[in-house]
Amino acid sequence: MIITGGENVSPVEIESCLSLHPAVLEVAVVGLADERWGKIVAAFVKRRVVVEAQELDQFCRNSGLANFKRPRRYIFVHAIPKSPVGKLLRRKLLAGEYEPERGMALSGEAEPGS
């Protein structure tokens with residue numbers, strides 16, 4: 001559970017929404033520390049094809065996902081870390097143990113407009 005601005009946000013709900021986008025191969029959602037909100041919702045995305053953060057943000061808006069649940073940050077990664085049995089390892093994402101998408105070092109991180 002991510003607590004952002006006093007609201008409880010389920011990462012699974014956001015992952016389910018984003019995974020429906022045709023350009024998203026895999027997604028993991030975590031709460032990253034934020035001075036103002038306590039935590040912000042961040043989505044780590046492994047892309048199937050090229051897609052920008054703004055398009056994913058618009059997809060979340062159009063899906064009916066509540067505004068406070070929308071990711072405030074999209075990080076495009078080469079792979080989502082998993083255990084040997086395939087369980088998502090959110091703790092590795094929080095610790096920075098991920099590989100940003102190759103060739104996207106400068107534009108791989110994006111913050112959509114609020």
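Residues Val30 and Leu25 do not share a hydrophobic cluster, defined by chaining ILVMFWY side chains whose heavy atoms lie under 4.5 Å apart. Following chains of ILVMFWY side-chain contacts shorter than 4.5 Å, one can reach Ile80 starting from Leu94, so the two form part of one hydrophobic cluster. Linking ILVMFWY side-chain heavy atoms closer than 4.5 Å, directly or via other members, places Val51 and Ile14 in a single hydrophobic cluster. Hydrophobic cluster membership differs between Phe76 and Leu89, with clusters built from Ile, Leu, Val, Met, Phe, Trp and Tyr side chains linked at under 4.5 angstrom.
Separating the CZ atom in Arg73 from the CG atom in Asp34 is a distance of 10.0 Å, to the nearest 0.5 Å. If you take CD on Gln54 and CZ on Phe59, they are separated by 16.0 Å, rounding to the nearest 0.5 Å. Here the straight-line distance linking atom CD of Glu15 with atom CD of Glu26 works out to 10.5 Å at 0.5 Å rounding.
Between Val77 and Val45 the shortest side-chain heavy-atom distance does not fall below 4.5 Å. Side-chain contact between Val27 and Lys46: absent, with no pair of heavy atoms (C-beta onward) separated by less than 4.5 Å. Proximity of Leu20 to Ser16: side-chain heavy atoms (C-beta onward) are nowhere separated by under 4.5 Å. Side-chain contact check for Pro11 versus Ile2: some heavy-atom pair is nearer than 4.5 Å.
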Fill in: Worked check of side-chain contact (heavy atoms from CB on, under 4.5 Å) between Lys82 and Lys87
CA-CA 5 Å; Lys82 294 182 182 169; Lys87 183 178 177 188; over 6 Å; no
Discussion item. side-chain contact (heavy atoms from CB on, under 4.5 Å), that's the test. Do Ile75 and Leu32 meet it? Break it down for me.
Written reply: CA-CA 12 Å; Ile75 300 131; Leu32 296 179; 4.3 Å; yes
Item to complete: Show your reasoning for whether side-chain contact (heavy atoms from CB on, under 4.5 Å) applies to Lys69 and Val41.
Response: CA-CA 7 Å; Lys69 294 181 180 181; Val41 177; 6.0 Å; no
Item to complete: Begin from the C-alpha positions of Cys60 and Leu18 and carry the test side-chain contact (heavy atoms from CB on, under 4.5 Å) through to its verdict.
Response: CA-CA 7 Å; Cys60 288; Leu18 283 169; 3.5 Å; yes
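Here the side chain of Arg61 pairs no donor or acceptor atom with the backbone of Leu65 at under 3.5 angstrom. Between the Glu99 side chain and the His78 main chain, no donor and acceptor come within less than 3.5 Å of each other. One N or O on the side chain of Arg90 and one on the backbone of Val29 form a donor-acceptor pair closer than 3.5 Å.
Every residue two or more places apart in sequence or in another chain was checked for a salt bridge (Lys or Arg N to Asp or Glu O under 4.0 Å) with Glu97, and none qualifies. With sequence neighbours left out, Ile3 forms a side-chain contact (heavy atoms from CB on, under 4.5 Å) with Asn8.
Here the closest heavy-atom approach between residue Asp57 and residue Pro71 is recorded as OD1-O, 4.0 Å. Taking every heavy atom of both residues into account, Leu88 and Ala28 meet most closely at CD1-CB, 3.6 Å.
With salt bridges taken as basic N to acidic carboxylate O contacts below 4.0 Å, none links Lys39 and Glu7.
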